[in-house]
Amino acid sequence: SCNYCRYHNLLAVLDWFVMHIAFENIVIKGLVNNLNLEFDTKGCTVLYDPCEIVSSTILSALIGLYELDGGNIYLDGIPKQEYFLNHSLISTFSMIFNEGIMLANLTVKENLLLPYHRRFQIVETSIFEKELKFFMQVFNQDIDLELRPAFLTSSQRKFFCFIRSLLLK
């Protein structure tokens with residue numbers, strides 16, 4: 001298959017993730033005070049902040065790493081706590097840290113496979129292998145997956161953390 005086809009398949013995968021997110025009067029002591037922000041996601045949305053403080057705070061609040069001291073977060077008009085009663089956090093949001101976090105004692109492939117097994121509760125790896133191969137081709141990553149993360153550059157680790165997020169849907 002051609003790169004054009006792979007790219008459009010990737011867009012189809014990313015288009016699953018369409019959501020309206022609203023922050024209303026958010027207060028997180030010492031970080032943000034009365035933040036009001038609304039945006040729509042379509043596909044993969046990147047929040048860029050040169051200082052990384054606001055974007056990481058927003059993502060941390062979305063995934064529950066920060067408790068709110070005030071305000072509300074709405075996902076498709078539903079309060080976040082209520083939304084996650086019917087939707088799993090892991091299939092809704094993903095955060096890629098600057099370091100491209102991976103477990104040092106596992107290979108790159110094992111780092112990708114471990115959360116995949118936990119998320120989908122399947123032992124058969126053929127679907128995983130197929131999806132991983134697809135994403136590696138899309139992002140032009142020709143790396144030996146049996147390497148330990150220490151042998152990858154920081155940017156390669158980030159790429160694989162992004163691929164891990166896509167694999168987890």
Side-chain angles (χ1 to χ4, degrees), residues 7 10-106 108 110-121 131-132 135-136 138-141 148-150 152-169:
Y7 175 73
L10 172 64
L11 290 179
V13 168
L14 295 178
D15 280 345
W16 292 342
F17 307 108
V18 178
M19 174 181 287
H20 181 79
I21 300 174
F23 289 82
E24 184 180 276
N25 301 318
I26 297 298
V27 176
I28 301 173
K29 288 184 182 148
L31 296 172
V32 294
N33 188 27
N34 236 11
L35 173 70
N36 289 290
L37 175 68
E38 288 190 43
F39 57 95
D40 291 314
T41 66
K42 179 169 172 134
C44 179
T45 301
V46 175
L47 299 175
Y48 175 73
D49 170 22
C51 299
E52 299 179 5
I53 295 168
V54 175
S55 60
S56 64
T57 301
I58 289 169
L59 288 171
S60 295
L62 281 173
I63 64 174
L65 292 178
Y66 287 136
E67 291 296 321
L68 302 182
D69 296 309
N72 292 301
I73 299 173
Y74 297 94
L75 308 174
D76 288 335
I78 303 168
K80 184 179 100 168
Q81 300 81 354
E82 209 175 296
Y83 184 89
F84 288 122
L85 293 175
N86 298 314
H87 303 85
S88 72
L89 177 65
I90 197 169
S91 66
T92 307
F93 295 112
S94 178
M95 185 171 180
I96 300 169
F97 297 92
N98 287 340
E99 301 81 25
I101 294 175
M102 291 190 153
L103 300 173
N105 61 328
L106 299 178
V108 172
E110 291 167 336
N111 268 283
L112 300 173
L113 191 56
L114 179 66
Y116 189 89
H117 277 303
R118 294 198 47 107
R119 164 87 169 92
F120 298 110
Q121 303 294 314
E131 291 177 350
L132 177 57
F135 287 125
M136 287 183 67
V138 166
F139 297 116
N140 296 318
Q141 296 297 310
R148 302 275 184 209
L152 301 179
T153 65
S154 177
S155 62
Q156 288 171 322
R157 282 193 303 274
K158 287 180 191 178
F159 249 117
F160 278 102
C161 288
F162 181 61
I163 288 171
R164 178 175 51 205
S165 298
L166 294 174
L167 287 168
L168 294 174
K169 297 176 181 64

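Nothing here was measured: the structure is a model prediction, and the numbers come from that model. Each residue takes its place number in the sequence, starting with 1.
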Closest non-hydrogen atom pair, Ala22 against Glu38: CB-CG, 3.6 Å
Interatomic distance, Asp69 atom CG to Asn33 atom CG [nearest 0.5 angstrom]: 10.0 Å
From CZ (Phe84) to CG (Leu75), nearest 0.5 Å: 5.5 Å
Main-chain N/O of His20 paired with Asp76 side-chain donor or acceptor, under 3.5 Å: yes
Distance-minimising heavy-atom pair for Ala61 and Phe23: CB-CE2, 4.4 Å
Distance in Å, Ser60 OG paired with Leu31 CG, rounded so as to fall on 0.5 Å steps: 8.5 Å
Within-4.5 Å side-chain heavy-atom neighbours: Asn34 and Ile26: no
Residue pair Leu68, Val27: steps toward the side-chain contact (heavy atoms from CB on, under 4.5 Å) verdict: CA-CA 6 Å; Leu68 302 182; Val27 176; over 6 Å; no
Exam field: side chain Gln156 to backbone Thr153, donor-acceptor pair closer than 3.5 Å: yes
Pairwise distance CZ(Phe135) to CZ(Arg164) - rounded to 0.5 angstrom: 14.0 Å
For the student: nearest non-hydrogen atoms of Ala104 and Pro149, plus distance: O-CD, 4.1 Å
Approximate separation, where rounding is to 0.5 Å, of Tyr83 OH and Met19 CE: 3.0 Å
Intermediate values then yes/no, side-chain contact (heavy atoms from CB on, under 4.5 Å), Asn36 and Glu24: CA-CA 5 Å; Asn36 289 290; Glu24 184 180 276; 4.3 Å; yes
Taking every non-hydrogen atom, the tightest pair across Leu167 and Phe120: O-CE1, 3.5 Å
Candidate pair Phe160 and Asn111, rule side-chain contact (heavy atoms from CB on, under 4.5 Å), full reasoning: CA-CA 9 Å; Phe160 278 102; Asn111 268 283; over 6 Å; no
Nearest-0.5 Å distance that lies between atom CD in Glu67 and atom CD1 in Ile28: 9.5 Å
Shortest non-hydrogen contact from Tyr74 toward Pro79: CD2-N, 3.7 Å
